[in-house]
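A short write-up of the structure that comes next.
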Amino acid sequence: MKSIKPDKQDARTREIRMILNARYPDVKTQLDYKSPFQLLVATILSAQCTDRQVNATTPKLFEKLNTPEAFVDVPNETLEALIRSTGFYKNKSRHIKNCAAALVERFGGQVPASLDDLVTLPGVGRKTANVVLGAVFGIPGIVVDTHVARISRRLDLTRHTDPVKIEFDLMAVIPETEWNDFSLRLIYFGRLFCKARKPECPDCFLNHLCYSEDKRT
DNA sequence: CTCCCGATAT
DNA sequence: ATATCAGGAG
């Protein structure tokens, strides 16, 4: 377990962390799930889709299909119909079926507990893998979704647009023990205040630390 | 880089 | 009408 060197975090970064920690002390994924496999599927479905929409879709889905084996066997059109409202349904259906097959063939039907294994699964990139690692296994990871990417740039925690570069920039300035929760706090913050389209800058509790071009008065 | 793609807010 | 939503594959 490597610890972050104090001199790598400037005072502003630390203040941003502290304020977010105080504002959102208890965070967890907003996706509903009852097993690691369900969270994996829900997270794949969440690509370019709100968690609310995913949560409206998954109960009926998992009522019919609740194991990797069941997803392997189901016809593509049936699965597409079940997940249609989450968008990108043809790709997601194929990804989930191939992912389920890979789980059965290579991981004994169990969701693997490492980033390297998870990203070998079809439809699973670093963002999805880090969501599952954090929520299910408690393994630290920065989750770079659209909110985290946008806010990290607005707060000048990174100047990159490539999600992987943003992930490593954040890992360098955030203590490893907070990687998961910090990601979730940025996501909460992004939904309520630092929105993509019309950010609530006048009411924002980080306004005094933000020099973004997107800032509104 | 492009494509996938429905639901919602503005 | 258009941008955006817990992205990933080819």
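Letters go in sequence order (proteins before strands), and every chain restarts at 1.
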Residues in side chain to side chain donor-acceptor pair (under 3.5 Å) with A:Arg12, at least two apart?
none
Using modelled atom types only, decide if a donor and an acceptor are shared between the side chain of A:Lys127 and the backbone of A:Asp145 within a distance under 3.5 Å.
no
Per-nucleotide protein contact string for nucleotides 5-10 of chain C (B base, S sugar-phosphate only, - none; heavy atom under 4.0 Å)
BBBSS-
Charged N-O contact under 4.0 Å between A:Asp156 and A:Arg153
no
Between B:dC5 and C:dC5, how far apart are the two C1' atoms, rounded to whole Å?
12 Å
Rounded to whole Å, how long is the line connecting atom [atom1] of [X] with atom [atom2] of [N]?
X	N	atom1	atom2	value
A:Glu200	B:dA9	CD	P	14 Å
A:Gln53	C:dT4	CD	P	19 Å
A:Leu79	B:dC5	CG	C1'	15 Å
A:Arg84	B:dC4	CZ	P	15 Å
A:Asn55	B:dA7	CG	P	16 Å

A:Arg84 to A:Tyr89 six-membered ring, cation-pi geometry met (6.0 Å, 45°)
yes
Comparing A:Arg197 with A:Thr86, nearest DNA chain B nucleotide closer to 5' gives the residue A:Thr86
Decide whether A:Thr128 and A:Thr43 meet the rule of one side-chain donor and one side-chain acceptor closer than 3.5 Å.
no
